[in-house]
Amino acid sequence: MLVFTLRRLNLFIFTFIMLTALSFSLSFLFPGDALTNLTGQINASPEQRALLAEEYQYNSHIIKQYWAYLTHLFDGDFGISIASHLPISSEIMNLLPATIELSVVALFIAMAIGIPIGFLAAINHEKIPDQAILFVSMLGYSIPIFWLGLLAILIFSIQLGWLPSAGRISLVYEIKHITGIQFFDILLSDSEYKWQAFQNATLHIIMPASVVAIAPMTIFIRLARTSMLEVLDSSYITAAKAKGLTFWQIIYRHAIRNSLVNVIRHVGLQFANLVTLAMVTEVIFSWPGIGRWLIESIFQRDYTAIQGGLLALSSFIFIVHILTDFIYAALNPLARDRKHGA
Amino acid sequence: MARENIYQEEEFPSPLQQLWYKFKAKPMIMLAFSCFLALVFLAIFAPIITPFSSSQTHLEFILLPPAWNDDGNVSFLLGTDQLGRDMLSMLMHGASFTFGLSFIIVITSAVIGVVIGSLSALTSGFKSSFLNHFLDVILSIPSLLLAIVIVAILGTGLSNTVLAIIIVLIPQFIHTTRNEVKREFAKDYVLASKLDGASSLRILQYSIFPNIIEKIITQATLAQSAAILDIAALGFLGLGAATYIPEWGTMVSNGIDLFYIAPWTVYFPGLAILFSVIVTNLVGEGLRHALKQRKEY
Amino acid sequence: MSFNPIIYFLTLPFLSVLLQGCNDEDTTLLSTKSIIYCSEGSPEGFNPQTVTSGVTTDATSNQLYNRLVAYSGDEHEISPSLAKSWHITKDGKKVTFYLRKDVEFHHTSYFTPSRKLNAEDVIFSFNRILNVEHEYHEVSGGLYPFFQSIEFNSLVTNIEKINEFTVRFTLSRPDSSFLANLATDFAVILSAEYAQYLSELDSHQQIDLLPIGTGPFKYKEYRAGSFIRYLANENYWQKKINIEQLIFDITPSNTGRLTKLLAKECDIVAYPIAHKKIIERPDLILNEITSFNIGYLGFNTNKPPFNNKLVRKAISYAINKEAIIDTVYFGKAEVANTIIPPTSWAYDAHIPQQEYSIAKAISTLNEAGYPDGFTMNLWAMPIQRPYNPDALTMAKLIANDLKKIGITVNIIHKYEWSTFLQLITEGQHQAVLLGWTADHPDPDNFFTPLLSCPSSKQGRTGTFWCSKEFDKLISQSLQTTDLNKRKKYYKNALKIIEDEVPLIPIAHSKRFQARDKKISGQLLKSFGGINFVEVNKN
């Protein structure tokens, strides 16, 4: 396990350097002045600018500049937003939790529904349910998500009136920002309307999270199906059969557990895809997350925000990636000893 | 047109023919394949065969519903938008943008990705491990986020989104090619060529490529459906095609303001995207299936 | 299975919600005590003195503040507000206000007032605008656009405190629109005590960002681009506020606002689109009101052929206004018969609707000596305004109409707005499509800026029309406070316009608002920002 952890740490450091270098180089690639892009201080006076240039080692060697940039990052200083003049770090602290909330709930929905369906397909391999599931899952990952979102709003918000169409919670509830994860904040608040707020927030997340979940769900269906087929093909299943266990006993006791482990392995990889979908969904459902903010930042030419957002979002994805690796390793002893992980 | 034909003159026709036999065995796949060819045809010839020009406005027929509706008009089969432009003509033109451009994107990024991928497969040691990690990092950034960053650098517009999506797709091709080439290199027949004294490049060209080309084509169909969805998504977000271009994603976003009074302006372009992605995916699926079956024999 | 605890942990809160749902019937839903208004944009600040934008005045003026006097009734007469009565001297140069004694300022988390409203607050609010040296004058930019446009500085020479609850304004000249100006959204009363408190803290800027007023609602929270939260002012002097919270849900997207209305996430939405859809729904109401504005076709009366009143008359017969309303305004406007909208008290119901008759137009044109017609240019304004959302299309329709009486129209639409205005001022045009939005509902705000000799000479209106008789009537009207007399003067003035046709009034645009049926109470006024004081939720 130690070697495994060291490997991951190594990968993490490498990734961190890569991402910060990418983000740092963006300030030169974006239109306009690199120092302004990096700090977001668009209205700085010449004196302030000189001070900033000093702080960011703007006139020294590029490596020193990068180092100065890293030092600022470690101090939690991502610069200020060109559009709103608020510190990027506080904007991210406000917005990232909303995205995390949406994508984690969506991941949960995708797995909770996708994996059992995938198993079902594998159990009925090459029969009609299998074909039907495969076809529906093909539909699922072919739908343009923004269009699906619009249709969902039309059906569930407007025709049926079941679910709200925008935001994280009705604005009538005033929830203090504590953790940023709204459900926890509601539970921590002392409002007399706590449970109303909780219900309201639950209703708000159902539709966007389901829309995000559709495409990953189809992928989990396929992963679960393949993994189950592999397991069913293996010799210990044959052994169990020979032992005289019934078919469902085999499925419950042996097949599900072992194929689940394989599916878990792919969660990390799927997560980047899921966040992409969440970004578009945030726009459609006015979800106050980091994706919507990033897309608006392009229109406002807020390059500092794009840099900060890129860094925050990809670090988050990478952390999830590594976390699932650890979970996989914890569940599957074989993975710990393998020479080349990831 | 049928891309398979391109390779018929090459040295290894029989596996491809075999593939074709497996491929066409499924009627569903063949249906999808013919739809795919029809889309290709439309993408090339749309400007000639549409009933109206996509920019021609008919101010006397504003927001006309589709023809099967009571208020519809047969000359505008799928209705008109807020400027009286014919929806059908716009959708047909859109095929050249959303579907046609996805082709160009995939071919370009495949060529670049395969070249870099196969060259990098020849490296080893630190360089190889560095590249591996580097690809991991790039692949862990959501593709849309990467595209947004590139659009932020280059500015919005259709040609810039095309460029952005090409750049986003390249790492996937590098990744696939690299893995495949490495796997093939470990096989005995490559060793045979090596013993014959062939250079690495020659081995790549004559021994490995013919064996991995199908894998790359499969990857390309996956990439194409992703490319269609990305073009449309960027168009929808207002980062892609300008509003007057009948790109399908842009058409959906133009239709949003009319969603409640003229829902067909949103339904049809969305259906067009869905249709083209399904068709592409089915063709890819058929290809993968045929490949698998051929291997089993 | 090893995942069981995780799944259990994640589903637990959701299950408990379902269970809990049954228990809290005793606390009524918070949403029934709150009103969500979906507005179209973010305010620039929270002090309407410093702005002209409708978004900001909608969000602040009537919600957070009061004025000395207010408009009331359908005809927008001046009525008491913070001043319970007032007195104007015979010469019209001294105006004394007697303030109410029971007006509390907002008690908020950032400031607790120790006293009620008094003369100091009134003096502070206006001195901030008038006195360039004032400590607060330069805060938020030092621009007070409305007050500059009515030349407030030269009008008011002094404001003095007579006693704790009496204030006297001394004017340099009599002006019967003075009270109307003080009743506009911009002339709000701020707290002098708060200002002093802030200047001790040296955070002057806060006065316009964390507002303290006397209005029915008090500021709670604002997140730019997202929402504004107001709470009911429990000490409001006028009446008890029916709701607990007023929330402005800032939704710039037209479809977004409509969706939120249809999905019942907003109780009221500003500027709704797709009216048909709203009318179809039995649970929604679409309100409309004619705004105080006018879109018109102005003639350059200095240049032939429009120096001939018969030619102008002929053209007025030839224009199909109904078609313009349908095509350019999509029906969201009212045909204008004269420059004053029907909701103004100066409107004269006897003014006939402009006749649309090609035959009459041709015969009038013959009479004027142009039997074969002529060629003219028509300048169409290059920007969108409520009174003219699409001047180019309007120009095309007019060109089409005039072709029928033998007049060829060249449309000029290529200039950028400031250049366009510059060239109009220079009189380069023959005819022009322009418009005007009133700053306050006193009818003088239409007559003087649009057609008086001094403003015609400036050329901004594009007519260069000047009538001594007309000017005499409108200045007579300004010098008296007798409403009936003023009505008579304006009636005669409108007659002159009808006879002379210096411009052809085309449309008064309407402002729309949609709301849920549960929301009662008038909140749209034909003039000024919205007002939530009477709004209730059943």
Side-chain angles (χ1 to χ4, degrees), chain A residues 10-11 14-19 22-23 26 29-31 131 134-135 138-139 141-148 150-151 153-154 158 215 268-269 271-280 283-284 290-291 294-295 297-299 301-303 306-307 309-310 313-315 317-318 320-321 340 342, chain B residues 28 98 129-130 132-134 136-156 168 225-226 228-239 248-249 252-253 255-256 259-260 263 266-267 269-282 284-285:
Chain A
N10 179 18
L11 183 63
F14 178 82
T15 309
F16 180 75
I17 291 172
M18 283 299 309
L19 283 176
L22 178 67
S23 152
L26 282 180
L29 293 171
F30 283 140
Q131 306 280 346
L134 278 187
F135 185 74
M138 154 88 70
L139 266 182
Y141 74 79
S142 301
I143 291 185
I145 182 149
F146 50 89
W147 192 67
L148 181 71
L150 290 173
L151 292 191
I153 288 177
L154 185 69
I158 291 175
L269 285 175
F271 206 70
N273 180 27
L274 194 141
V275 171
T276 299
L277 297 171
M279 287 175 70
V280 182
V283 174
I284 295 161
I290 203 163
L294 274 172
I295 288 163
S297 299
I298 291 199
F299 296 119
R301 300 174 195 285
D302 192 345
Y303 300 119
I306 299 175
Q307 277 177 27
L310 172 80
L313 207 52
S314 18
S315 314
I317 291 166
F318 203 75
V320 171
H321 203 138
H340 298 285
Chain B
M28 179 80 179
T98 316
S129 145
F130 178 84
N132 226 346
H133 282 340
F134 182 76
D136 268 356
V137 173
I138 294 289
L139 286 174
S140 76
I141 299 177
S143 63
L144 185 69
L145 184 59
L146 207 56
I148 283 177
V149 168
I150 295 168
V151 168
I153 295 172
L154 301 172
T156 57
V168 168
S225 67
I228 296 173
L229 287 173
D230 281 351
I231 295 177
L234 288 171
F236 174 78
L237 295 174
L239 306 175
W248 292 333
V252 172
S253 103
I256 284 190
F259 193 25
Y260 300 107
V266 172
Y267 291 154
L271 280 174
I273 301 169
L274 179 62
F275 175 74
S276 58
V277 178
I278 288 185
V279 163
T280 313
N281 279 336
L282 276 175
E285 193 88 340

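Lettering of chains follows the sequences in order, A, B, ..., and the numbering in each one begins at 1.
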Engineer: Heavy atoms only, distances under 4.5 angstrom: which of A/V275, A/L310, A/L19 has the most pairs with chain B? Name it, please.
Structural biologist: A/L310
Engineer: With only heavy atoms counted, which part of A/L22 is less than 4.5 Å from chain B, the side chain, the backbone, both or neither?
Structural biologist: side chain
Engineer: If you count heavy-atom pairs within less than 4.5 Å of chain A, which of B/V266, B/V252, B/V277 leads?
Structural biologist: B/V277
Engineer: Going through the distances and angles, do B/L274 and A/W147 end up as a side-chain contact (heavy atoms from CB on, under 4.5 Å)?
Structural biologist: CA-CA 9 Å; B/L274 179 62; A/W147 192 67; 4.1 Å; yes
Engineer: Once the angle between the rings of B/F236 and A/F146 is folded into 0 to 90°, is it parallel (under 30°), tilted (30 to 60°) or perpendicular (over 60°)?
Structural biologist: parallel
Engineer: Would you indicate whether the side-chain heavy atoms of A/M279 and B/I148 approach each other to under 4.5 Å?
Structural biologist: yes
Engineer: Quick one: what part of A/L26 sits under 4.5 Å from any heavy atom of chain B, side chain, backbone, both or neither?
Structural biologist: side chain
Engineer: Go through B/P263, B/G249, B/G270 and name the one with the most non-hydrogen pairs under 4.5 angstrom from chain A.
Structural biologist: B/G270
Engineer: With a 4.5 angstrom heavy-atom cut-off, which part of A/L277 approaches chain B: side chain, backbone, both or neither?
Structural biologist: neither
Engineer: Less than 4.5 Å to any heavy atom of chain B: does that hold for the side chain of A/L313, its backbone, both, or neither?
Structural biologist: side chain
Engineer: Grab the two heavy atoms, one from A/M138 and one from B/I278, that are nearest each other, plus how far apart they are.
Structural biologist: SD-O, 4.4 Å
Engineer: Quick check on A/L29 against chain B: is it the side chain, the backbone, both or neither that has a heavy atom closer than 4.5 Å?
Structural biologist: both
Engineer: Sort B/V149 into side chain, backbone, both or neither according to what part of it lies under 4.5 angstrom from a heavy atom of chain A.
Structural biologist: both
Engineer: Can you say whether A/Y141 sits under 4.5 Å from chain B via the side chain, the backbone, both, or neither, judging by heavy atoms?
Structural biologist: both
Engineer: Taking all heavy atoms of A/Y303 and all of B/A152, pick out the closest pair and write down the distance.
Structural biologist: CE2-O, 3.8 Å
Engineer: Heavy-atom cut-off 4.5 Å, strictly under: side chain, backbone, both or neither for A/L134 against chain B?
Structural biologist: neither
Engineer: Can you say whether B/Y260 sits under 4.5 Å from chain A via the side chain, the backbone, both, or neither, judging by heavy atoms?
Structural biologist: side chain
Engineer: Need one label for B/L282: side chain, backbone, both or neither, based on atoms under 4.5 Å from any heavy atom in chain A.
Structural biologist: both
Engineer: Hey, what do you get for CD1 (A/I145) to CD1 (B/I273), rounding to the nearest 0.5 Å?
Structural biologist: 12.5 Å
Engineer: From B/L144 CG over to A/I295 CD1, what is the distance, rounded to the nearest 0.5 angstrom?
Structural biologist: 6.0 Å
Engineer: For B/L154, is it the side chain, the backbone, both, or neither that has a heavy atom closer than 4.5 Å to a heavy atom of chain A?
Structural biologist: neither
Engineer: Between A/S142 and B/L229, what is the shortest heavy-atom contact and its length?
Structural biologist: O-CD2, 3.9 Å
Engineer: Sort A/I306 into side chain, backbone, both or neither according to what part of it lies under 4.5 angstrom from a heavy atom of chain B.
Structural biologist: side chain
Engineer: Heavy-atom cut-off 4.5 Å, strictly under: side chain, backbone, both or neither for B/F134 against chain A?
Structural biologist: both
Engineer: If you count heavy-atom pairs within less than 4.5 Å of chain B, which of A/L154, A/N273, A/V283 leads?
Structural biologist: A/L154
Engineer: Do B/F259 and A/L150 have side chains that get closer than 4.5 Å, going by heavy atoms?
Structural biologist: yes
